[in-house]
Amino acid sequence: MSGTEKVHSTAPDVQLADDARRPVRRALLSVFDKTGLVELAAALHTAGVELVSTGSTASTIADAGLPVTRVEDLTGFPECLEGRVKTLHPRVHAGILADSRKADHLRQLDELGIAAFELVVVNLYPFAATLATGADENTMVEQIDIGGPSMVRAAAKNHPSVAVVVDPARYDAVIEAVQTGGFTYAQRKALAAAAFVHTATYDVHVASWMSSAVAPSDVVDGVSTGFPEWIGGTWDRGDVLRYGENPHQRAALYTHGHGPAGLAQATQLHGKAMSYNNYVDADAAWRAAWDHEGPAVAIIKHANPCGIAVGANIAEAHRRAHATDPVSAYGGVIAANGVITREAAEQIAPVFTEVVVATGFEPAALEILQAKKNLRLLVAAAPARGGVESRPISGGLLVQERDVFQADGDDPASWTLATGEAASPEVLADLAFAWKAVRAAKSNAILLAADGAAVGIGMGQVNRVDSCRLAVERANTLAGDAERARGAVAASDAFFPFADGLQVLLDAGVRAVVQPGGSIRDEEVVAAAAAAGVTMYLTGTRHFAH
Ligand SMILES: NC(=O)c1ncn([C@@H]2O[C@H](COP(=O)(O)O)[C@@H](O)[C@H]2O)c1NC=O
């Protein structure tokens, strides 16, 4: 539209107050999901409302012994093309779109012999649910509802005159409104907003499917980028949170209504409402705990691990994770990739903890932990592996594949022994644990481990030497053992650019190191390990976490 063109519109002849009710005399019903339909139709009929309806919706109403006008009889045109054309007719759409505030619209309806609708009840073909069954392309194409969204959008646009309902859960409210003089203008506006969300969500599903499965838009110069030209998402508000990262920031949780569930869909069994920071930390803890195959526990503070360990069971894993850094575990978030047992609960209870998230809680464990008034207890589904994740930046959104462990690079069998003796099975197991655990820490990250537990973590530093110093200092100061780094193994999330950071670890007495390699000074770095007689493996894979 050029700057000089104007949108054609005439002002309504009357202004509506928010509490202005509009009585319902005529309703159009066309629903795929017939839940509650007969009850709704019966109540509308009793209230004197004339019912107009499509194919099987009309049959359901008629079968219940209620009078109903079929759309075909209204339009004088048969439903055709296997239902692709039912309601796409001016007699339907003029009846929905006439603005009752405009005398001219009412005059035109009169001239055309069309009666207006005051209520439109529609729900759409179940596109997303059918897609989830793995249906083929032809089936999916037939699931693209055309007439339904047209009616919903028309009725939503004309909310000053029409109430539109897309959710059977609202039928009780419809009945109540019809019995009390109709919906208010404010209610019709709210229904219209919900209706546009309904059709927008529907179109996001259709457009996403078309641009990925049917006509992939991710191809550049003949090569698939894996990223379509457009991505759409739909998110529903869950809890409104007390505040955001800081008390002056407002915040809410939004969840996606489809796709794999995770922490956002967790069930809270006990405790105060989750805060924004609780969610951030619990998500980090939950992901970290699930990086390990056996029973594992991660303890997170400010999105970084202060404890992470595996064990024969969750209680043992927790004991070891707590021992990583008992000072920082105070006020932490604990995640276990299994059920919290009574034994684990008895260990957790004495330590001030913000959140415990697990796959479940033994009844005895629940009893023990519920005694802590402020402790939040969550049960969640394992986080998704694979797929993509996104992060907003100013003016845009970064999207990347999730950092999943690779067979080539993360499996110790694929590592290259750069120097020293091949590790014993026990040391190799510790190296494998450390390598998986280090990615839970923000880069630059160095993680020292012994016996399946982190014993010192240096994270979030802007150079790797400081991360090494931090890891050693924490190992040797936090658990009453000034030599805890000695004999531990070390993992580095990315290569050592110089030998200086590694030298800190060697001086502290680590026995083996695993790192990606790939620095232009690898030779110098490997030589330092060799000089200290320390085993070093190269993975060829990096696990930065920012
Ligand atoms: N083509 C049309 O004109 C049309 N009009 C309404 N529908 C849909 O048909 C369904 C209801 O059909 P029936 O009453 O036959 O069960 C609703 O989900 C509605 O969204 C249509 N179907 C698809 O576009």
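On a predicted model such as this, the values are computed, not experimentally measured, just so you know. Counting convention: from 1, in listed order, for ligands and their atoms alike.
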| field | Heavy atom of the protein closest to atom 14 (O) of ligand 1 (residue, atom name, distance) | value | Thr57 OG1, 2.4 Å
| Counting from 1, what ligand 1 atoms have a heavy atom of Ile146 closer than 4.0 Å? | 23 (C), 24 (O)
| Does a side chain donor of either Ser56 or Lys34 reach within less than 3.5 Å of an acceptor in the other side chain? | yes
| Just which atoms of ligand 1 are under 4.0 Å from any heavy atom in Gly83? | 1 (N), 2 (C), 22 (N), 23 (C)
| message | Regarding atom 9 (O) of ligand 1: of the candidates Lys86, Gln143, Met151, which has the closest heavy atom? | response | Lys86
| task | Please confirm whether the backbone N or O of Ala58 pairs with a side-chain atom of Ser53, one donor and one acceptor, at under 3.5 Å? | result | yes
| For the ring pair Phe196 and His198, is the centre-to-centre distance below 6.0 Å? | no
| Nearest neighbour of atom 8 (C) of ligand 1 from the list Asp145, Ile61, Val85, on a heavy-atom basis | Asp145
| Does Glu142 come within less than 4.0 Å of Arg84, counting only side-chain N to carboxylate O? | yes
| task | Of the side chain and backbone of Glu79, name the one, both, or neither that has a heavy atom under 4.0 Å from an atom of ligand 1. | result | neither
| task | Please write down residue, atom name and distance for the protein heavy atom closest to atom 22 (N) of ligand 1. | result | Tyr125 OH, 2.9 Å
| Under-4.0 Å salt bridge between Arg287 and Glu389 | yes
| field | Cation over ring face, Arg439 and Phe405, 6.0 Å, 45° | value | yes
| message | For His159 and Tyr185, take the angle between the two ring planes, folded into 0 to 90°, and tell me which bin it lands in: parallel under 30, tilted 30 to 60, perpendicular over 60. | response | parallel
| query | Which atoms from ligand 1 have a heavy atom of Lys34 less than 4.0 Å away? | reply | 16 (O)
| request: Find all atoms of ligand 1 within a distance of less than 4.0 Å from any non-hydrogen atom belonging to Thr54, and give their numbers and elements. | output: 11 (C), 12 (O), 13 (P), 14 (O)
| Under 3.5 Å side-chain donor-acceptor pair for Ser443 and Asp493 | yes
| Just by distance, with hydrogens left out, do Thr225 and Asp218 show a side-chain donor and acceptor under 3.5 Å apart? | no
| said: Could you identify the single nearest non-hydrogen protein atom to atom 1 (N) of ligand 1 and state the distance to 0.1 Å? | reply: Arg84 O, 2.6 Å
| Can we say Arg26 and Glu118 salt-bridge, meaning some charged N sits less than 4.0 Å from an Asp/Glu carboxylate O? | no
| field | Residue, atom name and distance, where the atom is the protein heavy atom closest to atom 11 (C) of ligand 1 | value | Ser30 OG, 3.4 Å
| said: Using a 4.0 Å cutoff against the non-hydrogen atoms of Phe32, which atoms of ligand 1 qualify? | reply: 17 (C), 18 (O)
| task | Mark up the atoms of ligand 1 that fall under 4.0 Å of a heavy atom belonging to Val122, in ascending order. | result | 20 (O)
| query | atom 5 (N) of ligand 1: which protein heavy atom is closest, and how many Å away? | reply | Thr87 OG1, 2.7 Å
| field | Which residue and heavy atom of the protein sit nearest atom 15 (O) of ligand 1, plus the separation | value | Ser56 N, 3.0 Å
| Quick one: do Asp104 and Arg107 make a salt bridge, cutoff under 4.0 Å? | yes
| said: Counting only nitrogen or oxygen atoms and a 3.5 angstrom limit, does Gly147 reach ligand 1? | reply: yes
| task | Return the residue, atom name and 0.1 Å-rounded distance of the protein heavy atom closest to atom 17 (C) of ligand 1. | result | Asn123 O, 3.4 Å
